[in-house]
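Below you'll find the structure, written out as structure tokens, and then a few comments.
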Amino acid sequence: MLKILDCTIRDGGYYTNWDFEKSLVDQYIKSTNQLPIDYLEVGYRSISMKGYLGKYFYSPVYELENLKKLSNKKLVIILNEKDIRVEHLADLLGPVKGLIDMVRIAIDPEHLGRALILAEGIKKMEFEVGFNVMYMSKWSQYGDFINELKNVDGIADYFYMVDSYGGVYPADVINTINLVQSNTSCKLGFHGHNNLELALINTLTAIEHGVEIVDATILGMGRGAGNLKTELLLTALNAKEGLEVDFNALGTVVKSFDGLFEKYQWGTNLPYMISGSNSLPQKDVMDWVTTRFYSFNSIIRALQNQKDKVKDNEKLPVFDVENNISEVLIIGGGKTAVEHAQGLVEFIKSKPELVVIHASAKNAYHFKGLANKQVFCLVGSEGHRLEKVFENLGEFEGICILPPFPRKMGTYVPNSIKHKSYELASIDFTESHKDSHTAIALQSAIFLNATKVFVAGYDGYQDGTVSQKERDLTDENEFLFQNFIEKSSVLVSLTPSLYKNLTYDSIYSLIYG
């Protein structure tokens, strides 16, 4: 009989950093108690990792005890095989015996042999064992992987085919099922991603051809383009197989996740479709789409570079400066650069040797026509922004600076200004966020040998009104400011800002008349 596993809390954690409000989790448990779902995968159990990772990445015992009291489903946690060894099992799984029914293992096909050893240890602790074997569309590239499948018998209760890239078609599902069934008698599972919006048909195809357990998540919440929607699967099985579904409970749990969906907007889009079609990793795409302000053209160019296994599509002359520059003004994309534009223009005009660096071309329109040298940082969609700001780029008198070669996002420079475009030799004041607008601007100031660096239009965001994307950008800029100050000089903001690492002055105290 078909089993359904909902992994919303575990897979959805890629968007929330594995933190969910207690009221949401309580509603999720209450609703799923009334639905024909057999297993709930509620998080990872993990060894200590660097950086902040939330509650459901570690799944503390007290939380599992609470979930066990509330839920009438079998509870599941997952281990990342790349991080976990047999010697970790006593600490990770010993305390959760009686709370957890199944332990799944996320497995790179290249390390199936290593996972078998880990699974034997888990099986001895009397848990059900699930193998989540990733990169289904590339299994044929993994040498002895298929031959090793016979060793799964008697160790794994379920062998999952995971469409990590979201790019397989129903015929691929059938062929893979036949391949696996010819090498192991283990019960099969299927976990589909939705890059090409084929998660439902692929899952139904898997069920029709003998798969005995399938995954889904509420609203499809999950890494990258997300997964098969639990509500869609249950609705389809209700209509197709007569599966009894309490649609009031289903509607309630779906509605409870509306706020997270509005905030994170997971689901497929053009870059995810391309990455899925070409079996390219979703990790970078997720970062580019959710954290960066990259254009789709930039992302697609980067994906094409990955597909073609090339570093970049263009190398530019290295930015070089003969003379030291005494003062630089870096202009960001915040509203204060527009609100105080007239004062900033007067300040710039009073200092003919000052160089203006536009971290973003967003506000560049307000500074057109100045005699001062202007530098534009071309990252992401900035080349396209320049084309909008300067309707006739033939009259463009600035210079453009790009990240060092090779650029992760590829290169887009309008043809008419290629002769005015350069790349940085390196970014050496920071080890992180080297492809951001702010990093390029600050490194340009360093290469200009500026002795004084002003900033404007770096506003920051008030807590309570900030999205996750904005929060991440604020944290990133704060980190870069701190690194710059430690290795170069102070940064003086001439416009209002919430950034803690900036020194403040008023633009109006620096202009006269």
Side-chain angles (χ1 to χ4, degrees), residues 3-11 13 18 37-49 53 55-65 67-68 71 73-136 139 142 144-162 164 180 183-191 211-215:
K3 306 290 185 184
I4 297 173
L5 184 151
D6 186 284
C7 50
T8 306
I9 301 299
R10 192 273 300 177
D11 215 341
W18 291 279
I37 293 169
D38 301 278
Y39 294 90
L40 299 181
E41 188 171 73
V42 294
Y44 285 92
R45 282 282 282 177
S46 305
I47 60 175
S48 180
M49 301 281 185
L53 295 161
K55 182 192 296 184
Y56 298 97
F57 189 80
Y58 292 101
S59 301
V61 174
Y62 72 83
E63 182 62 18
L64 295 178
E65 289 174 339
L67 296 177
K68 184 68 174 177
S71 179
K73 307 300 180 183
K74 289 186 173 183
L75 299 183
V76 183
I77 56 94
I78 194 165
L79 305 178
N80 256 328
E81 187 280 328
K82 67 178 181 177
D83 302 318
I84 308 299
R85 297 294 173 264
V86 173
E87 55 267 29
H88 297 133
L89 294 181
D91 290 337
L92 289 178
L93 300 184
V96 303
K97 290 185 71 172
L99 302 176
I100 293 299
D101 296 277
M102 189 196 306
V103 176
R104 298 209 292 182
I105 311 171
I107 303 168
D108 184 324
E110 191 172 357
H111 300 304
L112 180 62
R114 205 166 65 186
L116 286 164
I117 297 171
L118 185 64
E120 284 181 328
I122 297 170
K123 198 68 177 173
K124 287 177 182 176
M125 300 177 79
E126 300 182 340
F127 294 99
E128 291 180 79
V129 176
F131 274 25
N132 275 35
V133 185
M134 301 179 287
Y135 317 135
M136 172 185 168
W139 283 0
Y142 287 90
D144 293 332
F145 165 67
I146 299 300
N147 295 329
E148 286 188 276
L149 291 181
K150 62 182 181 294
N151 299 319
V152 172
D153 291 347
I155 296 178
D157 295 279
Y158 295 107
F159 184 91
Y160 266 87
M161 304 173 293
V162 180
S164 301
V180 176
N183 286 276
T184 178
S185 59
C186 185
K187 293 177 182 178
L188 299 187
F190 181 74
H191 179 105
V211 162
E212 297 184 52
I213 186 169
V214 295
D215 288 5

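Excluded from the calculations below are hydrogen atoms, water molecules and symmetry mates; all remaining heavy atoms, backbone and side chain alike, are included. Each residue takes its place number in the sequence, starting with 1.
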| said: For Tyr158, give me all partners under ring pair (Phe, Tyr, Trp, His ring centres under 6.0 Å), at least two apart in sequence or on another chain. | reply: none

| Taking the side chain from Lys187 and the backbone from Ile213, do they hold a donor-acceptor pair closer than 3.5 Å? | no

| task | Would you confirm whether Ser46, through its side chain, and Tyr58, through its main-chain N or O, come within 3.5 Å as a donor-acceptor pair? | result | no

| remark: Rounded to the nearest 0.5 Å, the CG atom of Asp83 sits from the CG atom of Leu92 at a distance of 10.5 Å

| Pair Glu63 + Lys55: basic N to acidic O under 4.0 Å | yes

| task | Please collect all salt bridge (Lys or Arg N to Asp or Glu O under 4.0 Å) contacts where either partner lies in residues 121-135, sequence neighbours excluded, each pair once. | result | Lys74-Glu128, Lys123-Asp157

| request: For Arg45 and Ser59, indicate whether the former's side chain and the latter's backbone hold a donor-acceptor pair under 3.5 Å. | output: yes

| task | Tell me, yes or no, whether the heavy-atom count around Asp153 atom CG, taken from other residues, nucleotides or ligands under 6.0 Å, exceeds 12. | result | yes

| field | Backbone of Asp108 reached by a side-chain donor or acceptor of His111 within 3.5 Å | value | no

| query | Is the ring centre of Trp18 less than 6.0 Å from the ring centre of Tyr56? | reply | no

| message | Would the distance check show the side chain of Asn132 and the main-chain N or O of Tyr160 forming a donor-acceptor pair, the cut-off being under 3.5 Å? | response | no

| task | Output yes when a side-chain donor or acceptor of Arg114 lies under 3.5 Å from a complementary backbone atom of Glu110, and no otherwise. | result | no

